[in-house]
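Below you'll find the structure, written out as structure tokens, and then a few comments.
Source: prediction; values computed, not measured.
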Amino acid sequence: MRFERKRTRAGLAVAAALPLMAGALALGTPAAQADQPHDRQLLSGTKPLWATANADKGDTADASGVTARVYLAGRDAKGLTAYATAVSDPNSASYGKYLTAAQTQARFGATKDQIAQVTAWLKSSGLKVTGTTQHYITVSGDVAAAEKAFGTQLHNFTKDGKTYHAPATTASAPAALNGAVLTVVGLDNAPKIAKHDEALPPPGAVFKNAGPFSSYFGSNTNKKLPSAYGTKAPYAIKGYTGKDLRAAYGAKSYTGKNVTVAITDAYASPYIVQDAKKYAKNNGDQAYRKGQLSQVLPADYNSTEACDAGGWYGEETLDVEAVHAVAPDADIVYVGGASCQDNDLLDALNKVVDGRLADIVSNSWGDVEANETPDVAAAYDQVFLQGAVEGIGFYFSSGDSGDNVAKTGKKQVDTPGNSPWATSVGGTSLNVGKGEKYQWETGWGTEKAVLSTDGNSWTGFPGAYTSGAGGGTSNLYAQPFYQRNIVPDSLALANGGGVKQRVEPDISAVADPNTGFLVGQTQSLADGSLAYSEYRIGGTSLAAPVIAGVQALVQQARHGIPVGFANPLIYDRYATSAYHDVTDHPLGQGRDQAVVRVDFVNGVDAADGTTTSLRSLGKDASLHATVGFDDVTGVGTPGADYVTSYLPKKNHR
């Protein structure tokens, strides 16, 4: 499961051409950029692509209200990008020379003078300043004041059958501010949705697996059921636990000791502490020591109904229990957002960076790239850059809808994992056999065929596509240096135009809910009462915290030295024994894999009967897990030698 939520993001839209890229940052700079007036700085991407002439319904009423965030570029945006690149590149002399949060702010953050000048400009335009941080200034006012401040007209535009206001031309700031403004977010009021991908029903309402189950992959097969792919498919497992995942991904004796992992989501489960402790006790995980699990929460919440706040409790629970299962000694700090809007999620990420709360940040949320605008992308990139400078790595789930065609009608990747400064985590179907022995993985992609009424066949075999790991080629970002000579041109150039683009994901771990993780959570029963129960779950929001946990083991192996922005080191190990090279046919071409799953019709009990289905594995829409790098699993999954490949090299004399 993975949340896609309403957000209003911002971004590193201005012309900070990233040294990390093979080319300039491909954020769709408007053609108007060439006509930039001498006294104004255009803020790229602030006019959304959907604000077209055909959709234009005329001026927005001057009295309409506008609430916006003006993000600050800091005193040296290009220097921030350059240092983030150098400190993350193992071939650089500056590699690993991280700065503290205070040093980062002093060297790259906005100055008091910059903040004062931007504030004075906004007030002089008639906008009211409602808040100021080291990252942004919030303002409110009427449309007339916003138009005066940002040098553009706001018009009404139709989008998806509804009407929203947006800039009719690219917004700008006075050139006299000398680039102090990074971007402005909020001039368009169209929602940007980040929802939970429905690999499984949302955990707010009770859900239980029916069974029968396999105790380990392949242990229980019903010979009376129809064959599939020339054999009898086994029942799905009840759910993997920590010992299975640690064995599969090379944990050895490492436990994440003296490492802190942060988890960001919206809202906060009031049951997380009791659920996590009970789950650990029930499933053989190490007990939590005092203070090992902590929370950093906002003073107030908003948009609880629009964001389905209760649905986020299960996300937090999965993330916490998965990290602890893989890295039982790691400290976990949960940083909750005030809502599922971009600005509130950005605030949560900024808290991690500003307070240096962790070295590793797991994020199981996102949205499709079509809903990402360059202004929004810029604010995320700026957080990631500051994190890289401090030695903090951000890990994002790649999505649960494959190429997103079935969901959106368009082939596209997910965001914010599309950022070259984030690690995108894809998903697999995992086979752990008897004695916690790793057998194989396929790329996660599922087709479902229901057992026929007479029980003699699988109806419509292999059935319809249900879900799978997100991946593909970005339309916004050019290829980063660490993907050069590794990502096949067939993927990097898939969007046409002759320019190599960023490809997701970077690395992967188990995500298939049919070979998923056993989670324990307090859920709402039909009568309104609450009860703790355990059930199998999946999604790339499982893969992300699993990889975060593995990275905690890596940091311990490095004697506590943070990995920081991980992608250069992840790709540096490509095609070595550090990885399982995952393919859709691990036992050979033509040998497809499947499991049988039995579900309660009502998701709770047998009162309304059960349904039996065949879930074919390795069928991820138009995406394919192949030999080498692919757009389902990236470089692969951590292998037996992954963690130990990070051990410090001994000096030889």
Exercise. Verify side-chain hydrogen bond (donor to acceptor under 3.5 Å, both in side chains) between Tyr229 and Ser616, making sure each step is shown before the conclusion.
Key: CA-CA 9 Å; Tyr229 304 113; Ser616 295; 2.8 Å; yes
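- Between the side chains of Tyr279 and Gln521, no donor-acceptor pair of N or O atoms lies under 3.5 Å.
- In this structure, Pro234 and Phe217 approach most closely via the heavy-atom pair CG-CE2, 4.3 Å.
- Classification of Asp592 and Lys619 as a salt-bridged pair holds, one side-chain N sitting under 4.0 Å from a carboxylate O.
- Taking the charged nitrogens against the carboxylate oxygens, Lys208 and Asp599 have no contact shorter than 4.0 Å, which rules out a salt bridge.
- The two residues Ala266 and Tyr334 have their closest heavy-atom pair at O-OH, 3.3 Å.
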Exercise. Could you walk me through whether Asp630 and His624 pass side-chain hydrogen bond (donor to acceptor under 3.5 Å, both in side chains), step by step?
Key: CA-CA 7 Å; Asp630 59 68; His624 302 284; over 6 Å; no
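- Side-chain atoms of Thr446 and Trp444 include a donor-acceptor pair closer than 3.5 Å.
- For the pair Arg573 and Tyr646, the cation-pi test (distance below 6.0 Å, angle within 45°) is passed.
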Exercise. Check step by step if salt bridge (Lys or Arg N to Asp or Glu O under 4.0 Å) holds for Arg289 and Asp331.
Key: CA-CA 9 Å; Arg289 65 182 183 279; Asp331 287 328; 2.4 Å; yes
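- The 12-atom threshold is not exceeded at NZ of Lys277, counting heavy atoms of other residues, nucleotides or ligands nearer than 6.0 Å.
- When all heavy atoms are compared, the tightest approach of Ile547 to Val425 is CG1-CG1, 3.6 Å.
- Closest approach of Ala511 to Thr540, counting heavy atoms only: CB-N, 3.9 Å.
- Under the 3.5 Å distance criterion, with hydrogens and angles disregarded, a donor-acceptor pair is assigned to the side chains of Glu504 and Ser424.
- Across all non-hydrogen atoms, the minimal contact from Val432 to Asp244 is CG1-OD1, 4.0 Å.
- Screening Leu346, Val296, Val333, Asn363 for a side-chain contact (heavy atoms from CB on, under 4.5 Å) with Thr264, the sole residue that qualifies is Asn363.
- When the shell of 6.0 Å around NZ of Lys252 is examined, it contains more than 12 heavy atoms from other residues, nucleotides or ligands.
- With salt bridges taken as basic N to acidic carboxylate O contacts below 4.0 Å, one links Asp506 and Arg502.
- Side-chain N/O atoms of Asp319 and Ser362 include no donor and acceptor closer than 3.5 Å.
- Side-chain atoms of Glu534 and Asn282 include a donor-acceptor pair closer than 3.5 Å.
- Under a cut-off of 6.0 angstrom, the local environment of NZ in Lys238 is sparse, with at most 12 non-hydrogen atoms contributed by other residues, nucleotides or ligands.
- Ala268 approaches Gln295 most closely through the heavy-atom pair CB-NE2, 4.0 Å.
- Checked by atom type, the side-chain pair Asp620/Tyr465 shows a donor-acceptor distance below 3.5 Å.
- Using the six-membered ring where Trp is involved, Tyr535 and Phe207 have ring planes that are perpendicular, over 60° apart on the 30 and 60° scheme.
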